[in-house]
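Within every chain, numbering begins at 1; the chains are lettered A, B, ... in the order of the sequence lines, protein sequences first and strands thereafter.
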Amino acid sequence: MNVSERPLTAMIGLPDGPPDCAAYGRAGGWQAVRRALRDMTPEAVIETVTASKLRGRGGAGFGTGQKWSFVPRDPPATRRKYLVANADEMEPGTFKDRLLLEGNPLQLVEGMIIAGYAIQAGHGVIFLRGEYHLALARLNHAIAEARQVGWLGENILGSGFGFEIHVHASGGRYICGEETALLTALEGRRAQPRSKPPFPQVGGLWGAPSVVNNVETLCNLPHIVANGAEWFLSLGLGPDSGTKIYGVSGRVRRPGAWELPMGTPLREIVEHHAGGMRDGYRLRAFLPGGASTAFLDAGQVDVAMEYGAVEKAGSRLGTGLAILLDDRTCPVGMLHNLEHFFAQESCGWCTPCRDGLPWVERLLDAIESGTGEPEDLDRLHDHARLLGPMGRTFCAHAPGAMAPLASGLKLFREEFDAHIRQRACPLRETA
Amino acid sequence: MSTADTLLPPDLRAQITELARAEHRPRAASVSALTLVQAHFGWVSDAHLAETASLLGMSPADLDGIATYFNLIFRRPVGRHVIMLCDSVSCWIMGRDAVCARLQARLGIRPGETTADGAVTLLPIVCLGHCDHAPAMLVDHTLHGDLDAETAEHLADTLRQAAP
Ligand code: FES
């Protein structure tokens, strides 16, 4: 593969660690920010990104250009605006943004300058997971160097546009990945999601117009601006454009993450890149893109990993990093683990989520440990039905939690029944 | 209980004031101020919380609401080292329960507890973004992956032998 086919990771994994400003420039960096600030209007940047069909890489898949287009376009400097990088990577099974943050922090810096210029925001914030200590050190180092060289600060390249970035290390809560909860956390409050409208683009951080973009989304921007929308469209195998950092965890020979064309089939990722299942293990089912995506069956492993195809198969692309369930790991135990996470990380604001998720966790615990009753399955179905649809709670946390449960109840019906019938986990001995 | 020896040292007070000044509103510095206090003392006591709150122009209850909301702010004392063992799904599949059981047996504590010598606190943590090297854990600020019961036990032993 040549460099242009994996733009996001081309400079990652070099023996000397992440590139500094000069090395980044020698390898093609800073071209895009030069072009944007010297030759393009903010509107032209938005148009290019819209034409590239870049969609959010954090899980929701919203069109990036479209997201930006809701920011009010008044003359610059008339008011504060914010560009926030969502680096709160906490979706279980997801390890792509850490790769980008640690591997090439300047790529994110350049992406943020471009996004900031497009929406005419002078303030950039990176909302970083508190556990990402190495990323924090490397980001702060990169930002300080970029400031010194003049890529950050006032009047960048004499364009009149000024941009600053500061890093906020989170105190740690999954819900901060939700953009309105993230903004609330930045304001020094308990990170509860906000009702929309107003949308952040109009009334976000401190009431000012704000855009929250995922790290991987922002890292695509320098390449789109430097090489053009047509080039970006040509990278995808199907309807979606660009490349994607895919990954696999679970009992495969070589778990890992790889930058591949958008739309690569999961089978190719699992068998070719991850080396297939380990000896003695067969694929049973998988979560295509993190803990809050619905299970798909092993028979669906040929699914193209793109937004539409995964949705058609009955799940979501999510973060694009798949978690594999093998035939010797208990599906009920896996669901118990997942729902423990969601119950613990509920912010507690909405009653169905705060009370419903711990109930689900207890029911799964009982079934897994052999004290479950047949009626417990009805209760689990009730929760999946009542909490699953969007709109019953403020945010998507509870619906996300119900995605693996609802699909798991269908897919693992036999295993659930066996647990209840045998009053024990049928897989325990082989586990 | 704000006796002289529980007060924040002057340089820490100055750092917190500076953090608050740099933000759009002082309260935005809540988590970073608490993180600073914790980096200094290992945890955030009632007295330190109250003093931090007053530097941010907040009530102690208001700041405590934030301190207790987040996973990484400790409102109780912890050991000199904190082991955070991932309990999320990929690590679970790859055998984190066996790693946890061995750590518990070796350290003689359960998750949430600190060894009697004050050396190590064991805590669960959500996915550390190291799932391709599951099971994973964070020891203070250092990430460790591809653990099994033996390697984890060895790491825990090293922590207890290391000078405070
Ligand atoms: S699940 Fe443990 S590091 Fe991701």
[X], [atom1] atom: more than 12 neighbouring heavy atoms under 6.0 Å:
{"X": "A:His166", "atom1": "NE2", "result": "yes"}
{"X": "A:Trp349", "atom1": "CH2", "result": "no"}
{"X": "A:Arg282", "atom1": "CZ", "result": "no"}

Output the option from A:Ala274, A:Ala257, A:Gly333 having the highest count of non-hydrogen pairs under 4.5 Å with chain B.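 It is A:Gly333.
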
Please name the pair of heavy atoms, one in [X] and one in [Y], separated by the smallest distance, quoted to 0.1 Å.
{"X": "A:Gln192", "Y": "B:Tyr69", "result": "N-OH, 4.1 Å"}
{"X": "A:Leu186", "Y": "B:Ala28", "result": "O-CB, 3.3 Å"}
{"X": "A:Ala169", "Y": "B:Val31", "result": "O-CG1, 3.8 Å"}
{"X": "B:Phe70", "Y": "A:Cys176", "result": "CE2-SG, 3.9 Å"}

What part of [X] lies closer than 4.5 angstrom to a heavy atom of chain B: side chain, backbone, both or neither?
{"X": "A:Leu324", "answer": "backbone"}
{"X": "A:Glu131", "answer": "both"}
{"X": "A:Ile175", "answer": "side chain"}
{"X": "A:Glu91", "answer": "backbone"}
{"X": "A:Tyr82", "answer": "side chain"}
{"X": "A:Ala191", "answer": "both"}
{"X": "A:Asp97", "answer": "neither"}

Which answer fits [X], side chain, backbone, both or neither, if we ask what part of it has an atom under 4.5 Å from a heavy atom of chain A?
{"X": "B:Asp87", "result": "both"}
{"X": "B:Asp140", "result": "backbone"}
{"X": "B:Leu56", "result": "neither"}

I would like to know whether B:His141 and A:Leu134 meet side chain to side chain contact (heavy atoms under 4.5 Å, CB included); could you show each step before the answer? CA-CA 8 Å; B:His141 286 186; A:Leu134 183 61; over 6 Å; no

- Task: Decide yes or no on side chain to side chain contact (heavy atoms under 4.5 Å, CB included) for A:Glu345 and B:Asn71, but give the supporting numbers first.
- Result: CA-CA 10 Å; A:Glu345 294 298 323; B:Asn71 299 334; 3.4 Å; yes

I'd like to check [X] versus [Y] (side-chain heavy atoms, cut-off strictly below 4.5 Å). Are they in contact?
{"X": "A:Arg251", "Y": "B:Met94", "value": "yes"}
{"X": "A:Arg98", "Y": "B:Leu128", "value": "no"}
{"X": "A:His123", "Y": "B:His24", "value": "no"}
{"X": "B:Leu143", "Y": "A:Tyr132", "value": "no"}
{"X": "A:Phe95", "Y": "B:His130", "value": "no"}
{"X": "B:Ile93", "Y": "A:Asn337", "value": "no"}
{"X": "B:Leu138", "Y": "A:His133", "value": "yes"}

What's the separation between atom [atom1] in [X] and atom [atom2] in [Y], rounded to the nearest 0.5 Å?
{"X": "B:Ser90", "Y": "A:Met334", "atom1": "OG", "atom2": "CE", "result": "7.5 Å"}
{"X": "A:His340", "Y": "B:Trp92", "atom1": "NE2", "atom2": "CH2", "result": "13.0 Å"}
{"X": "B:Ile66", "Y": "A:Arg189", "atom1": "CD1", "atom2": "CZ", "result": "7.5 Å"}

| task | Show the numbers, then the answer: is there a side chain to side chain contact (heavy atoms under 4.5 Å, CB included) between A:Tyr174 and B:Cys127? | result | CA-CA 10 Å; A:Tyr174 174 67; B:Cys127 175; over 6 Å; no

Checklist line | Contact leader toward chain A among B:Ser88, B:Pro124, B:Ser30, B:Cys91, where contacts are heavy-atom pairs under 4.5 Å | finding: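 Maximum pair count with chain A is reached by B:Ser88.
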
query: What do the steps show when you test A:Val248 against B:Asp132 for side chain to side chain contact (heavy atoms under 4.5 Å, CB included), and what is the final call?
result: CA-CA 7 Å; A:Val248 175; B:Asp132 49 344; over 6 Å; no

